[in-house]
Number of protein chains: 2
Amino acid sequence: MKNRLRLLRAERDWSQGELATRLGISRQSVNAIETGKYDPSLPLAFRIADLFALRIEDIFLRDEEGAGE
Amino acid sequence: MKNRLRLLRAERDWSQGELATRLGISRQSVNAIETGKYDPSLPLAFRIADLFALRIEDIFLRDEEGAGE
DNA sequence: GGCGGTTGTCAAGGGAGCTTGACATAAACG
DNA sequence: CGTTTATGTCAAGCTCCCTTGACAACCGCC
C-alpha cells in the first residue's frame, strides 16, 4: 500500500507537524505513514482524503498501481 | 464509520463465511465489520472494494453520510 | 424429533495503528 | 559559534484489527 501523502503535503508547503495537527494525530504517525511503516486506519484515511479534497483511491494506491510508470 | 457490506453481500446471496473466504479473512471478522464492532484496515477495505467493483467511498460511509436523509 | 446451514457472540492471542517522550541529524539563519 | 525548524527513528504502552475455537440461537427441511 503506497501513498502520495508526502507529495500532497509538499504541494501545500506543510511540515509533518502541521499536517499532523490538521489531521488530529501525532507527527510520528504522519512520518510513519509517509515512510511506509504502516497504513493508516480507514477512518484516518477518510480524514486525510477529506483534508485534501480527494478520494481515498487517489491518495492510497494498491501496491501494483503506479509502479510501472 | 458505517458500511453497506451486509446489503452488498445479500445482493449476491453470499453467506458471511462465503464472503470471508473471498476476502481471505475469517467469518468472525466479516460479522464484526457488518455489525459495526470495528472498521476494516485500509488494505482490507481495498480488497472489499475490489471484490464488489466499487469505490471505498461507496461502501464505507462517514458517520454523517446517509444519516440525515 | 433431529440435522445442516447461517448468524451472533465470547475468550484468548498476536500483530498493526497510534500515542508520548526522547534523541540524532541536517539545513537555514543570526 | 548557537538557535531554530524539519525530519527520521527508537522505546514503551494502549487500543484496535484479525485470528482460531467454541458455543447458543434460529431457521428450513427431512
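Lettering follows sequence order; numbering is per chain, from 1.
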Asker: Between D/dT19 atom P and B/Leu44 atom CG, what is the distance in whole Å?
Answerer: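 Answer to the nearest Å: 8 Å.
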Asker: Carefully, step by step, assess B/Arg27 and B/Thr21 under the rule side-chain contact (heavy atoms from CB on, under 4.5 Å).
Answerer: CA-CA 8 Å; B/Arg27 180 184 69 86; B/Thr21 298; over 6 Å; no
Asker: Roughly how many Å is it from CE in A/Met1 to P in C/dG17, rounded to a whole number?
Answerer: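 One finds 11 Å between P of C/dG17 and CE of A/Met1, rounded.
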Asker: Using a 4.5 Å cut-off on heavy atoms from C-beta on, say whether the side chain of B/Leu5 contacts that of B/Ile33.
Answerer: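 In contact.
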Asker: Considering only C/dC10, C/dG8, D/dC18, which nucleotide approaches the side chain of B/Ile33 most closely?
Answerer: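 Selected nucleotide: D/dC18.
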Asker: Could you check B/Ser41 against B/Arg6 and say which one's nearest nucleotide on DNA chain C is further toward the 5' end?
Answerer: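 The residue closer to the strand's 5' end, by nearest nucleotide, is B/Arg6.
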Asker: Considering all heavy atoms of both residues, which atom of B/Glu65 and which atom of B/Arg62 are nearest to each other, and what is their separation?
Answerer: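 Between these two residues, the closest heavy atoms are OE1-N, 2.7 Å.
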Asker: List the atom pairs, donor and acceptor, that lie under 3.5 Å between side-chain atoms in residues 36-47 of chain A and the rest of the protein, sequence neighbours left out.
Answerer:
residue: A/Ser41; atom: OG; partner: A/Leu44; partner atom: N; Å: 3.3
residue: A/Arg47; atom: NE; partner: A/Leu23; partner atom: O; Å: 3.2
residue: A/Arg47; atom: NH2; partner: A/Leu23; partner atom: O; Å: 3.4

Asker: Polar pairs (N or O, both sides) under 3.5 Å between protein and nucleotides 24-30 of chain D?
Answerer:
none

Asker: Run the numbers on B/Ile56 and A/Glu57 for side-chain contact (heavy atoms from CB on, under 4.5 Å), then give the verdict.
Answerer: CA-CA 8 Å; B/Ile56 288 180; A/Glu57 279 89 348; 3.4 Å; yes
Asker: Side chains of A/Glu34 and A/Arg9, heavy atoms from C-beta outward: is any pair under 4.5 Å?
Answerer: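 A side-chain contact exists here, since the closest heavy-atom pair is under 4.5 Å.
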Asker: Below 3.5 Å between N/O atoms, which protein atoms pair up with nucleotides 19-23 of chain C? Just atom names and distances, please.
Answerer:
residue: C/dT19; atom: OP1; partner: A/Ser26; partner atom: N; Å: 3.2
residue: C/dT19; atom: OP2; partner: A/Ser26; partner atom: N; Å: 2.7
residue: C/dT19; atom: OP2; partner: A/Ser26; partner atom: OG; Å: 2.8
residue: C/dT19; atom: OP2; partner: A/Ser29; partner atom: OG; Å: 2.4
residue: C/dG21; atom: N7; partner: A/Gln28; partner atom: NE2; Å: 3.3
residue: C/dG21; atom: O6; partner: A/Gln28; partner atom: NE2; Å: 2.9
residue: C/dA22; atom: N6; partner: A/Gln28; partner atom: NE2; Å: 3.4

Asker: Testing the basics here: between A/Leu8 and A/Arg12, what is the closest heavy-atom pair and its distance to 0.1 Å?
Answerer: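 What the structure gives for the nearest pair is O-NH1, 3.0 Å.
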Asker: Counting primed atoms plus P, OP1 and OP2 as sugar-phosphate and everything else as base, spell out the protein contacts along nucleotides 25-30 of chain C at 4.0 Å heavy-atom distance: B, S or - for each nucleotide, 5' to 3'.
Answerer: ------
Asker: Do the side chain of A/Gln16 and the main chain of A/Gln28 share a donor and acceptor less than 3.5 angstrom apart?
Answerer: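 Such a contact is absent between A/Gln16 side chain and A/Gln28 backbone.
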Asker: Contacts to DNA chain D from residues 11-19 of chain A, heavy-atom cutoff under 4.0 Å, which residues?
Answerer: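 Output list: A/Ser15, A/Gln16.
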Asker: How about B/Trp14 and B/Arg22: do any of their side-chain heavy atoms sit closer than 4.5 Å?
Answerer: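 In contact.
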Asker: According to salt bridge (charged side-chain N to carboxylate O under 4.0 Å, His left out), who are the partners of B/Arg55, at least two apart in sequence or on a separate chain?
Answerer: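 Expected list: B/Asp58.
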Asker: When you check the phosphate oxygens OP1 and OP2 of C/dG8, does a side-chain N or O of B/Asn31 lie under 4.0 Å from one of them?
Answerer: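 Yes, because at least one side-chain N or O of B/Asn31 sits under 4.0 Å from OP1 or OP2 of C/dG8.
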Asker: Is there a donor-acceptor contact under 3.5 Å from the side chain of B/Ser29 to the main chain of B/Ile25?
Answerer: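 No, B/Ser29 side chain to B/Ile25 backbone: no donor-acceptor pair under 3.5 Å.
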Asker: Separation of A/Lys37 atom NZ from C/dG17 atom C1', in whole Å?
Answerer: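 For the pair A/Lys37 NZ and C/dG17 C1', the rounded distance is 13 Å.
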Asker: Could you check if a side-chain atom of B/Ile48 sits within less than 4.5 angstrom of a side-chain atom of B/Phe60, using non-hydrogen atoms only?
Answerer: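 In short, these two side chains touch, coming nearer than 4.5 Å.
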Asker: Could you check if a side-chain atom of A/Leu61 sits within less than 4.5 angstrom of a side-chain atom of A/Arg4, using non-hydrogen atoms only?
Answerer: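 The answer is yes, as the side chains (C-beta and beyond) meet within the 4.5 Å cut-off.
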